[in-house]
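In what follows, a single structure is set out as structure tokens and then discussed.
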Amino acid sequence: MEAEVRDKIVEVSRRLYLRGLVAGAGGNVSAYIRDEGVVLITPSGLCKGYLKPEDIVKVDTSGKALEGALKPTSELSFHLGIYRVREDVNAVVHAHPPVSTGFACAGTPIDYAVLPEVIAMIGEIRFVGYETPTTRELADKVAENIIGVEALLLENHGIITVGSNLEQAYQRAELLEDFAKMILVARLLGGPRRLPDAEVRKIAGLESEKYRLKLAKEGKGGREDRDPRII
Ligand SMILES: [Zn+2]
């Protein structure tokens, strides 16, 4: 289990780097193995494109290092804060993708209600006012704002996406950045046109219904089925 999660964090980190969603040593990725009470997280100061499974740091839910020679990312506190307030979240991706971060730097929120795929896969992209990176204040604000949403746009900083597993959290980050590009183009062409509220509710409802059916079909949903979904 832990070995698979380490491999998946390495894979997701590489995909973030190769798609240009992070640069230098920026961004971080974590997964919570809830039944064991441990969090696996990317180390501080290393490029996400070249991590090895043994570079991934293991900490407990208070942030105490359990294993690994490297230091965890300096943003560890907001990862732990998210796991504390969201029982359904097992993975967190934080990145600085250029286009969505451009919106964040301009203080411009991104309205999700214009593209069906984003309504279904992400939902509201909540704008979070600036706090200094790595601080308690940022961790508190992230924990407060992540309730009820799957994606945050951090002012003058970047994005956070969450998921029940690493693949879902990663795909939300990838989709959010593509969506930011689409919104930028739409703004050049007269501005994005919001879908009517009834249509937004219909799409969001359809998706959750589909998800419930899928879980029922696979016989999932019980606690014993939660672990495999971390990866
Ligand atoms: Zn950051």
Side-chain angles (χ1 to χ4, degrees), residues 12 15-16 19 21 27 29-32 78-79 81-97 99-104 106-129 138-155 157-187 191-216 218 220-221 226 229-230:
V12 160
R15 286 159 75 189
L16 284 170
R19 267 193 80 95
L21 303 178
V29 177
S30 74
Y32 185 15
F78 74 58
H79 289 253
I82 291 171
Y83 295 130
R84 264 196 290 276
V85 299
R86 286 284 300 271
E87 277 194 1
D88 58 324
V89 166
N90 298 313
V92 175
V93 168
H94 167 55
H96 310 140
V99 182
S100 25
T101 306
F103 277 84
T108 305
I110 301 174
D111 182 3
Y112 75 106
V114 297
L115 193 72
E117 191 190 2
V118 171
I119 296 167
M121 305 305 294
I122 301 177
E124 181 193 349
I125 299 150
R126 191 166 287 163
F127 188 85
V128 178
L138 176 62
D140 288 347
K141 214 174 221 183
V142 164
E144 223 171 85
N145 281 280
I146 198 66
I147 293 168
V149 300
E150 317 301 335
L152 302 178
L153 188 62
L154 307 178
E155 186 175 20
H157 187 165
I159 65 165
I160 293 175
T161 53
V162 301
S164 62
N165 57 53
L166 282 159
E167 184 62 30
Q168 188 180 42
Y170 169 76
Q171 286 194 14
R172 283 179 168 145
E174 189 178 288
L175 176 60
L176 174 49
E177 177 63 356
D178 266 15
F179 183 52
K181 292 175 194 167
M182 295 169 202
I183 295 295
L184 189 59
V185 173
R187 280 176 164 251
R193 294 169 62 181
R194 196 171 210 272
L195 289 165
D197 286 351
E199 180 63 12
V200 173
R201 280 196 300 272
K202 184 175 155 194
I203 294 165
L206 275 178
E207 187 54 33
S208 54
E209 183 60 25
K210 240 172 32 198
Y211 186 62
R212 272 198 301 275
L213 286 174
K214 184 172 173 281
L215 289 183
E218 290 170 2
K220 288 189 176 170
R226 195 184 279 159
R229 288 190 283 141
I230 298 171

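When a residue number appears, it is its place in the shown sequence, counting from 1.
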- Task: In sequence, state the C-alpha distance, the side-chain angles, and the governing distance for V92 and Y83, and then conclude on side chain to side chain contact (heavy atoms under 4.5 Å, CB included).
- Result: CA-CA 9 Å; V92 175; Y83 295 130; 3.6 Å; yes
- Task: Just jot down the side-chain hydrogen bond (donor to acceptor under 3.5 Å, both in side chains) partners of E155, sequence neighbours excluded, or say none.
- Result: none
- Query: Given the rule in the side chain to side chain contact (heavy atoms under 4.5 Å, CB included) test, do S100 and L153 qualify, once you have shown the distances and angles that lead to the verdict?
  - Reply: CA-CA 8 Å; S100 25; L153 188 62; 4.2 Å; yes
- Test side-chain hydrogen bond (donor to acceptor under 3.5 Å, both in side chains) applied to Y170 - qualifying residues, sequence neighbours left out: E174
- Task: Taking side-chain contact (heavy atoms from CB on, under 4.5 Å) as the test, write out the residues that go with R187, two or more places apart.
- Result: F103, T108, I183, P192
- Can you sort out the partners of H94 under ring-ring contact (aromatic ring centres under 6.0 Å, His included), two or more places apart, ordered by chain and number? F78, H96, H157
- Item | Spacing of CG belonging to L154 relative to OG1 belonging to T101, to within rounding of 0.5 Å | 8.5 Å
- Task: Measure across S30 and L166 and return the closest heavy-atom pair with its distance rounded to 0.1 Å.
- Result: O-CD2, 3.5 Å
- Task: Quick one: list whatever passes side-chain contact (heavy atoms from CB on, under 4.5 Å) with P116, sequence neighbours left out.
- Result: L195, I203
Which donor-acceptor pairs under 3.5 Å do side chains of residues 142-150 form with protein atoms, sequence neighbours excluded?
from, atom 1, to, atom 2, distance (Å)
N145, ND2, K141, O, 2.8
E150, OE1, R86, NH2, 2.9
E150, OE2, R86, NH2, 3.3

- Query: Below 4.0 angstrom, N of the basic side chain to O of the carboxylate: do D197 and K202 qualify?
  - Reply: no
- Message: Can you list everything that forms a salt bridge (charged side-chain N to carboxylate O under 4.0 Å, His left out) with R84? Sequence neighbours excluded, please.
- Response: none
- Quick one: list whatever passes side-chain contact (heavy atoms from CB on, under 4.5 Å) with A151, sequence neighbours left out. I122, I125, T161, L176
- Query: Quick one: side-chain contact (heavy atoms from CB on, under 4.5 Å) partners of A113, sequence neighbours excluded?
  - Reply: D111, R194, V200
- Query: What pairs with E177 under salt bridge (charged side-chain N to carboxylate O under 4.0 Å, His left out), at least two apart in sequence or on another chain?
  - Reply: none
- Applying side-chain hydrogen bond (donor to acceptor under 3.5 Å, both in side chains), name anything that partners R126, two or more places apart in sequence or on another chain. E124
- Spell out, as yes or no, whether a donor-acceptor pair under 3.5 Å connects the side chain of R193 to the backbone of V114. no
